[in-house]
Amino acid sequence: MRVLVTGGAGYIGSHTVVELLTHGHEVIIIDDLSNSKKEVLNRIQTITQKVPTFYQGQVQDEPFLTQIFTTHSIDAVIHFAGYKAVGESVEKPLKYFENNLLSTIVLLRVMEQFNVHKLVFSSSATVYGTPTKMPLTEEDPIGGTTNPYGATKFMNELIIKDYCVAHPEMAATMLRYFNPIGAHVSGLIGEDPQGIPNNLMPFITQVAIGKRPELNVFGNDYPTRDGTGIRDYIHVVDLALGHVASLETMQQNKGYVVFNLGTGKGTSVLELVAAFEQANGVKIPLRIQPRRSGDIAENYADCTKSKHELGWVATRSLIDACRDSWRWQSKNPKGYNQ
């Protein structure tokens with residue numbers, strides 16, 4: 001299958017490209033490199049011994065996107081491209097709505113023009129808002145999002161769902177990610193945040209390597225087993241394989257479908273820190289800080305549907321993810337800026 005991957009040079013995108021190439025698919029990447037580095041393409045080639053086609057630009061640039069579809073006979077699209085910093089989305093909501101929604105609208109318009117009817121969309125557990133029960137299933141209500149980033153994921157799902165109603169030939173899979181961590185076992189690709197990280201694991205690895213003096217833990221008075229927030233941490237390679245499974249089962253899963261991608265287990269902040277220390281023999285000093293506004297006590301997935309309909313389960317452990325995260329960070333102390 002010839003697959004267009006928007007945002008394919010990013011953290012999750014690059015790992016998915018590796019798995020697509022490994023499974024025999026041909027890959028075309030679009031990325032504007034606003035939150036990624038071109039060096040990742042060399043690393044992908046080293047891992048897979050294959051060279052993905054790369055275009056630098058923005059998905060919402062319709063003439064640019066149209067030219068790519070004209071040049072390549074594309075079978076399916078995986079749509080990662082989008083801004084993703086929760087804090088920035090609160091400060092600059094219009095930037096997020098314009099970029100994240102317009103890119104999807106333009107992409108669907110060009111896909112329609114070229115009769116491309118397979119789409120996997122990178123969604124998020126943020127669409128569930130503040131949960132009323134655990135674990136979360138795909139049938140739980142969505143909306144009530146707590147930040148503009150989450151709202152764009154929710155709104156994109158609505159746009160794609162309504163598009164599918166108007167286009168019954170469409171197969172569109174929404175993958176709601178929980179908390180990706182880890183890196184490729186080679187240590188060649190991993191999470192390389194630009195500036196202040198948005199996720200917990202890069203903070204841990206940056207403390208471990210000496211970039212930061214200590215880890216700030218926001219809140220230890222939640223109604224959880226140790227007072228810290230609980231999340232569902234999934235290895236990024238398992239997450240990438242979920243995308244491959246989604247593409248390869250689209251004949252059975254036609255129309256608009258939704259899947260949670262997580263481990264089905266909740267891990268607290270302190271448990272994640274302890275697992276990292278155990279996996280790598282590195283002590284992580286930490287300081288308890290007040291809760292952050294908008295944070296919820298716990299969030300983890302029920303992945304029964306993914307197991308039954310995609311034939312997919314997360315197989316890599318928390319220790320695996322911690323070990324792989326540290327291998328990436330220690331081999332690449334400056335990320336891709338070596």
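- Applying the under-4.5 Å side-chain rule to Ile, Leu, Val, Met, Phe, Trp and Tyr, the cluster around Y83 extends to V86, Y96, Y149.
- Residue V59 comes nearest to S103 through the heavy atom pair CG1-O, 3.5 Å, listed as atom of the first residue, atom of the second, then distance.
- At a threshold of 4.5 Å between side-chain heavy atoms, the hydrophobic network of Ile, Leu, Val, Met, Phe, Trp and Tyr places L239 and F80 in one connected group.
- Electrostatic pairing of K265 and D232 does not count as a salt bridge here, judged by no charged N lying under 4.0 Å from a carboxylate O.
- Residues that satisfy the ring pair (Phe, Tyr, Trp, His ring centres under 6.0 Å) test with F114, not counting sequence neighbours, are F69.
- Judged by distance alone, the side chains of T228 and N220 never bring a donor and an acceptor atom under 3.5 Å apart.
- Every residue was checked against the ring pair (Phe, Tyr, Trp, His ring centres under 6.0 Å) condition with F203, not counting sequence neighbours, and none meets it.
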Determine, stepwise, if the pair Q194 / K37 fulfils side-chain hydrogen bond (donor to acceptor under 3.5 Å, both in side chains). CA-CA 10 Å; Q194 313 298 300; K37 294 288 193 298; 2.5 Å; yes
Report the C-alpha separation of C322 and M201 in whole Å, then their side-chain angles, then the decisive distance to 0.1 Å, and conclude whether the side chain to side chain contact (heavy atoms under 4.5 Å, CB included) test is met. CA-CA 8 Å; C322 290; M201 184 58 84; 3.9 Å; yes
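- Hydrophobic clustering (side-chain heavy atoms under 4.5 Å, transitive across Ile, Leu, Val, Met, Phe, Trp, Tyr) groups I12 together with L41.
- The closest side-chain donor-acceptor pair between D302 and T137, if any, does not fall under 3.5 angstrom.
- For the residue pair A81 and G7, the shortest heavy atom distance occurs at CB-N, 3.8 Å.
- Annotation for I160 and L108: closest pair CG1-CD1, 4.2 Å, computed over non-hydrogen atoms.
- One hydrophobic cluster, built from ILVMFWY side chains closer than 4.5 Å, holds both I159 and F154.
- In this structure, T249 contributes its side chain and Q252 its backbone to no donor-acceptor pair below 3.5 Å.
- No side-chain N or O of N199 forms a donor-acceptor pair with one of Y233 less than 3.5 Å apart.
- Side-chain N or O atoms of K118 include none that pairs as donor or acceptor with a backbone N or O of I78 at under 3.5 Å.
- Not a single salt bridge (charged side-chain N to carboxylate O under 4.0 Å, His left out) links D61 to another residue, sequence neighbours left out.
- Clustering of Ile, Leu, Val, Met, Phe, Trp and Tyr side chains at separations under 4.5 Å leaves F218 isolated, with no partner residue.
- Between V90 and P148 there is a side-chain heavy-atom pair separated by less than 4.5 Å.
- Applying the salt bridge (charged side-chain N to carboxylate O under 4.0 Å, His left out) test to every pair with at least one member in residues 149-168, sequence neighbours left out, gives these pairs: E157-R176.
- When all heavy atoms of M1 and L247 are compared, the pair lying nearest together is CE-O, 4.1 Å.
- Inter-residue side-chain proximity for W312 and S306 is flagged as met; some heavy-atom pair is nearer than 4.5 Å.
- Residues T146 and T126 have side chains not in contact (no heavy-atom distance under 4.5 Å, counting atoms from C-beta outward).
- Side-chain contact check for M134 versus Y300: some heavy-atom pair is nearer than 4.5 Å.
- Listed by chain and residue number, R2 satisfy the salt bridge (charged side-chain N to carboxylate O under 4.0 Å, His left out) test with E26 (two or more places apart in sequence, or in another chain).
- Note: F121 and H79 have tilted aromatic rings, judged against thresholds of 30 and 60 degrees for the angle between ring planes.
- A donor-acceptor contact closer than 3.5 angstrom links the side chains of H25 and E248.
- Residues L65 and L107 come closest through the heavy atom pair CD2-CA, 3.8 Å.
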Apply side-chain hydrogen bond (donor to acceptor under 3.5 Å, both in side chains) to E39 and N42, showing your working. CA-CA 5 Å; E39 169 61 21; N42 298 326; 3.0 Å; yes
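- The closest side-chain donor-acceptor pair between D32 and Q56, if any, does not fall under 3.5 angstrom.
- To the nearest 0.5 angstrom, R291 atom CZ is 4.5 Å from D221 atom CG.
- Through direct or indirect side-chain contacts shorter than 4.5 Å among Ile, Leu, Val, Met, Phe, Trp and Tyr, V165 is connected to no other residue.
- When all heavy atoms of E112 and H167 are compared, the closest pair comes out as OE2-CE1, 3.1 Å.
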In sequence, state the C-alpha distance, the side-chain angles, and the governing distance for H308 and F259, and then conclude on ring pair (Phe, Tyr, Trp, His ring centres under 6.0 Å). CA-CA 11 Å; H308 290 161; F259 296 103; over 10 Å; no
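- Using a distance-only test at 3.5 Å, with no hydrogens or angles considered, a donor-acceptor pair links the side chain of N260 to the main chain of L136.
- At a threshold of 4.5 Å between non-hydrogen side-chain atoms, the residues V3 and V77 do not count as touching.
- Between the side chain of D31 and the main chain of L33, a donor-acceptor pair closer than 3.5 Å is present.
- At distances below 3.5 Å, at least one donor-acceptor pair connects side-chain atoms of D238 with backbone N or O atoms of R316.
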Q60 and E98: side chain to side chain contact (heavy atoms under 4.5 Å, CB included), yes or no, with the steps? CA-CA 9 Å; Q60 60 266 46; E98 180 179 30; over 6 Å; no
Review item, side-chain donor-acceptor pairs of residues 180-190, under 3.5 Å, at least two apart:
| from | atom 1 | to | atom 2 | distance (Å) |
| --- | --- | --- | --- | --- |
| H184 | ND1 | S186 | N | 3.1 |
| H184 | ND1 | S186 | OG | 2.7 |
| S186 | OG | L188 | N | 3.1 |

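- In this structure, the side chain of H72 does not engage the main chain of I68 through any donor-acceptor pair within 3.5 Å.
- Remark: E277 engages K283 in a salt bridge, criterion side-chain N to carboxylate O under 4.0 Å.
- Within the structure, salt bridge (charged side-chain N to carboxylate O under 4.0 Å, His left out) contacts touching residues 324-338 (residues at least two apart or in different chains) are D324-R327.
- A side-chain donor from one of T71 and Q67 sits under 3.5 Å from a side-chain acceptor of the other.
- Looking only at side-chain heavy atoms (C-beta outward), L175 and S122 stay at 4.5 Å or farther from each other.
- Residue V313 is found outside any hydrophobic cluster, as its side-chain heavy atoms come under 4.5 Å of no other Ile, Leu, Val, Met, Phe, Trp or Tyr.
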Give the intermediate values and the outcome of side chain to side chain contact (heavy atoms under 4.5 Å, CB included) for residues V5 and L20. CA-CA 10 Å; V5 181; L20 287 168; 3.8 Å; yes
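- Applying the ring pair (Phe, Tyr, Trp, His ring centres under 6.0 Å) test to Y256 and every residue at least two apart in sequence or in another chain returns nothing.
- Here the side chains of N216 and L286 are not in contact, with every heavy-atom distance at 4.5 Å or above.
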Test side chain to side chain contact (heavy atoms under 4.5 Å, CB included) on N147 and S89; report intermediate values, then the result. CA-CA 7 Å; N147 55 72; S89 79; 4.1 Å; yes
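- In this pair, H243 and Y177 present their aromatic rings perpendicular. The plane angle is above 60°, beyond the 30 to 60° band.
- Aromatic ring pairs are classed by plane angle as parallel below 30°, tilted from 30° to 60° and perpendicular above 60°; the pair Y11 and H15 is perpendicular.
- For E271 and R225, the salt-bridge test passes: some basic side-chain N is under 4.0 Å from an acidic carboxylate O.
- T205 places none of its side-chain heavy atoms less than 4.5 Å from the side chain of R212.
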